[in-house]
Asks: 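Dropping the structure in here first, questions after.
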Amino acid sequence: MGLPPNISTLPIGYHGRKSSIVVSGTAIWLPRAQIIFNGTPAERLSQKLDFEVEFAAFIGRGNEMGSPIDVNKSTSQGPFNGKNFCTTISPWIVTLEALEPFRTTPLQFGPRLPYLNQDERESVYDIPVRVSLESGSGIYSVTECNTKHVVFSFAQMLAHHTVGGCPMRPGDLIATGTLSGPNRRELGCLLEATQNGVDPYEMEAQSPGKQNISRTFLEDGDIIKFRAQAQGKNGLKRVGFGACRGKLIASA
């Protein structure tokens with residue numbers, strides 16, 4: 001599963017449709033998909049349903065068609081999610097002002113094109129995201145990601161998204177893509193953690209008397225929960241995003 005050669009210069013901001021964006025707690029049905037089975041295309045229930053930890057922002061103010069948004073002025077637009085099947089979001093919207101104390105520098109991979117040169121060096125945020133899985137009566141620790149594990153800021157994503165003149169509108173949503181850190185316990189999806197199902201991933205039991213479990217992908221009845229909370233420094237309190245929770249329901 002190779003990455004595109006320009007992954008370090010192209011700020012892909014995932015975008016989609018509002019019809020399948022749902023609030024935390026909404027049940028998720030196992031989707032049907034077209035797959036290759038024994039060398040032949042077939043329609044079947046998904047055998048590799050996964051989650052992805054992403055960080056997203058809503059657009060506060062849009063732009064006119066044909067007018068790109070300057071990377072150094074994009075914070076006046078407000079920040080930015082998308083996948084076709086289903087995108088679950090927390091019910092809390094946190095303002096950029098509240099996240100100011102948690103700024104940090106993004107990952108660096110060499111020079112960028114001029115339209116992506118951002119004056120603000122600390123352009124991303126240091127916010128841990130903890131993922132847990134509930135199965136039966138047990139709760140299991142899956143991973144701990146962080147929003148700082150990104151190459152591009154929301155400002156750069158927005159500048160790139162509009163460089164061709166695409167108009168943004170208030171309420172539009174764009175996201176980072178999978179938030180994955182350098183080790184296995186920091187990977188933001190099972191696809192990466194299991195190497196596409198080859199190496200089962202062990203999850204530590206958080207409930208007394210329960211044994212650890214392993215998964216390659218999600219199973220019927222699994223409940224995935226994300227929790228993000230930024231810890232303040234120098235006496236500042238925490239800033240929370242609320243829980244982001246979805247339960248997988250088997251399709252009829």
Asks: Could you tell me whether the side chains of Asn212 and Glu204 share a donor-acceptor contact shorter than 3.5 Å?
Replies: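 Their side chains do not contain a donor-acceptor pair, so the 3.5 Å distance test is not met.
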Asks: So if you build clusters from Ile, Leu, Val, Met, Phe, Trp, Tyr with side-chain heavy-atom gaps below 4.5 Å, do Leu116 and Phe109 land together?
Replies: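 Linked, Leu116 and Phe109 end up in one cluster.
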Asks: Please report the interatomic distance CG(Asp220) to CG(Leu248), rounded to the nearest 0.5 Å.
Replies: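 Between atom CG of Asp220 and atom CG of Leu248 there are 5.5 Å.
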Asks: Cluster question for you: counting only ILVMFWY and a side-chain heavy-atom cut-off of under 4.5 Å, with indirect links fine, are Leu113 and Val163 together?
Replies: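 Yes; tracing contacts between hydrophobic side chains, which count when under 4.5 Å, links both residues.
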Asks: Tell me if a side-chain donor or acceptor on Ser132 pairs with a main-chain N or O of Tyr140 at a distance below 3.5 Å.
Replies: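 It does not hold such a pair.
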Asks: Determine, using the 4.5 Å side-chain heavy-atom cutoff (strictly less than), whether Ile213 and Leu187 are members of one ILVMFWY cluster.
Replies: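 No, no single cluster joins them.
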Asks: Report yes if some heavy atom in the side chain of Val150 is under 4.5 Å from a heavy atom in the side chain of Leu179; otherwise report no.
Replies: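 Side-chain contact under 4.5 Å: yes.
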Asks: For Ser90 and Cys244, which heavy atoms make the closest approach, and how far apart are they?
Replies: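 Answer, listing the atom of Ser90 first, then Cys244: N-SG, 3.9 Å.
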Asks: Would you say the side chain of Leu218 lies within less than 4.5 Å of the side chain of Leu133, judging by non-hydrogen atoms?
Replies: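 In contact.
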Asks: May I ask you to check whether Phe154 and Phe55 place their ring centers less than 6.0 Å from one another?
Replies: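 Aromatic pair counts; centres sit under 6.0 Å.
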Asks: Would you mind reporting whether Arg227 and Val129 have side-chain heavy atoms less than 4.5 Å apart?
Replies: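 No, too far: nothing below the 4.5 Å cut-off.
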Asks: Would you call Arg245 and Ile223 a side-chain contact if the rule is heavy atoms closer than 4.5 Å?
Replies: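 The answer is yes, as the side chains (C-beta and beyond) meet within the 4.5 Å cut-off.
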Asks: Are Thr104 and Val124 packed together at the side-chain level, in the sense that at least one heavy-atom pair is separated by less than 4.5 angstrom?
Replies: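 They are in contact (side-chain heavy atoms under 4.5 Å apart), so the answer is yes.
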Asks: When you measure from the side chain of Asn63 to the backbone N and O of Cys166, does any donor-acceptor pair fall under 3.5 Å?
Replies: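 Looks like yes, one N/O pair under 3.5 Å.
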Asks: Write down the atom of Arg112, the atom of Asn117, and the distance for their closest heavy-atom approach.
Replies: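 It is O-OD1, 3.8 Å.
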Asks: Can you see which heavy atom on Ser207 is nearest to which on Ser137, and at what distance?
Replies: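 Result for this residue pair: OG-O, 4.0 Å.
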Asks: Rounded at 0.5 Å granularity, tell me how far NE2 in His149 sits from OG1 in Thr178.
Replies: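 The OG1 atom of Thr178 is 13.0 Å from NE2 of His149, to the nearest 0.5 Å.
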Asks: Checking the side chain of Thr194 only, and the main-chain atoms of Asp199 only, is there a donor and an acceptor separated by less than 3.5 Å?
Replies: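 Pair absent, no side-chain N/O of Thr194 close to backbone of Asp199.
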Asks: Using 0.5 Å steps for rounding, measure from the CZ atom of Arg238 to the CD atom of Gln229.
Replies: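 Output value for this atom pair is 4.5 Å.
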Asks: Please check if any side-chain donor atom of Glu202 sits under 3.5 Å from a side-chain acceptor atom of Ser214, or the reverse.
Replies: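 Not at all, the side chains of Glu202 and Ser214 share no donor-acceptor pair under 3.5 Å.
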Asks: Determine, stepwise, if the pair Ser180 / Glu192 fulfils side-chain hydrogen bond (donor to acceptor under 3.5 Å, both in side chains).
Replies: CA-CA 9 Å; Ser180 289; Glu192 295 179 9; 2.6 Å; yes
Asks: Working to the nearest 0.5 angstrom, can you tell me the gap between Ile139 CD1 and Lys210 NZ?
Replies: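 Going from the CD1 atom of Ile139 to the NZ atom of Lys210 covers 10.5 Å.
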Asks: Indicate whether any N or O donor in one side chain lies under 3.5 Å from an N or O acceptor in the other, for Lys225 and Ser24.
Replies: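 On atom types as modelled, these side chains do not qualify, holding no pair under 3.5 Å.
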Asks: Using side chain to side chain contact (heavy atoms under 4.5 Å, CB included), reason through His161 and Met168 one step at a time and then give a plain yes or no.
Replies: CA-CA 9 Å; His161 192 79; Met168 303 298 291; 3.1 Å; yes
Asks: Between Gln47 (side chain) and Leu45 (backbone), is there a donor-acceptor pair under 3.5 Å?
Replies: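 Judged by distance alone, yes, a pair lies under 3.5 Å.
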Asks: Between Tyr125 and Lys148, is there a side-chain heavy-atom distance shorter than 4.5 Å?
Replies: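 Contact flag for Lys148/Tyr125 side chains = no.
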Asks: For side chain to side chain contact (heavy atoms under 4.5 Å, CB included), just list the numbers for Val53 and Val131, CA-CA rounded to whole Å, side-chain angles, deciding distance to a tenth of an Å, and then say yes or no.
Replies: CA-CA 8 Å; Val53 182; Val131 181; 3.5 Å; yes
Asks: Look only at the side chain of Asn183 and the backbone of Glu186, and say whether a donor-acceptor pair between them is shorter than 3.5 Å.
Replies: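 Here the side-chain-to-backbone pair exists.
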Asks: Going by heavy atoms in the side chains, are Arg103 and Glu120 under 4.5 Å from each other?
Replies: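 Side chain of Arg103 against side chain of Glu120, heavy atoms only: contact under 4.5 Å found.
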Asks: Could you see if Val22 belongs to whatever hydrophobic cluster contains Trp92? Use Ile, Leu, Val, Met, Phe, Trp, Tyr and a side-chain cutoff under 4.5 Å.
Replies: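 No, it is not one cluster - the side chains of Val22 and Trp92 are not joined through contacts under 4.5 Å.
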Asks: So Phe51 and Phe226, do their side chains get closer than 4.5 Å, heavy atoms only?
Replies: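 A side-chain contact under 4.5 Å exists here.
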Asks: Counting only heavy atoms not in Arg121 (residues, nucleotides, ligands), do more than 12 fall under 6.0 Å from its CZ?
Replies: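 Atom CZ in Arg121 is not crowded, with 12 or fewer foreign heavy atoms closer than 6.0 Å.
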Asks: Which residues satisfy the side chain to side chain donor-acceptor pair (under 3.5 Å) test with Asp222, sequence neighbours excluded?
Replies: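 Partners of Asp222 under the side chain to side chain donor-acceptor pair (under 3.5 Å) test: Arg215.
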Asks: Within the side chain of Gln156, is there an N or O that forms a donor-acceptor pair under 3.5 Å with the backbone of Ser153?
Replies: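 Yes.
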Asks: Let's go through Thr143 and Tyr201 carefully: what are the C-alpha distance in whole Å and the side-chain angles of both, what is the deciding distance for side chain to side chain contact (heavy atoms under 4.5 Å, CB included) to 0.1 Å, and is it a yes or a no?
Replies: CA-CA 10 Å; Thr143 184; Tyr201 183 72; 4.3 Å; yes
Asks: For the atom pair CD (Gln118) and CZ (Phe152), what is the distance rounded to the nearest 0.5 Å?
Replies: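 So the gap between those two atoms works out to 11.0 Å.
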Asks: Keeping Asp50 on the side-chain end and Leu190 on the backbone end, is there a donor-acceptor pair under 3.5 Å?
Replies: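 The answer is yes, because a donor-acceptor pair under 3.5 Å joins these two groups.
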Asks: Can you name the closest pair of heavy atoms from Ala56 and Ala175 and give their distance?
Replies: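 Shortest heavy-atom separation between Ala56 and Ala175 comes out as CB-CB, 3.8 Å.
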Asks: Any luck finding a side-chain donor-acceptor pair between Thr105 and Glu122 under 3.5 Å?
Replies: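 No, no side-chain donor-acceptor contact under 3.5 Å.
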Asks: Is it the case that the side chain of Thr162 and the backbone of Leu158 share a donor-acceptor pair, with hydrogens and angles ignored and the cut-off at 3.5 Å?
Replies: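 Yes.
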Asks: Give me the atom names and distance for the closest heavy-atom approach of Gly197 to Thr216.
Replies: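 In this case the closest contact between Gly197 and Thr216 is O-CG2, 3.6 Å.
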Asks: Would you give the length of the straight line joining atom CD1 of Ile127 to atom OG1 of Thr147, rounded to the nearest 0.5 angstrom?
Replies: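 The CD1 atom of Ile127 sits 4.0 Å away from the OG1 atom of Thr147.
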Asks: Got a salt bridge between Asp119 and Lys73, using NZ or NE/NH1/NH2 to carboxylate O under 4.0 Å?
Replies: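 Salt bridge flag = no for Lys73 with Asp119.
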Asks: Are more than 12 heavy atoms, taken from residues, nucleotides or ligands other than Gln108, located less than 6.0 Å from that residue's CD atom?
Replies: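 Enclosed: over 12 neighbouring heavy atoms sit under 6.0 Å from CD of Gln108.
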Asks: Do Leu30 and Glu219 pass the side chain to side chain contact (heavy atoms under 4.5 Å, CB included) test, and can you show the C-alpha distance, the side-chain angles, and the key distance before you say yes or no?
Replies: CA-CA 9 Å; Leu30 184 65; Glu219 299 179 2; over 6 Å; no
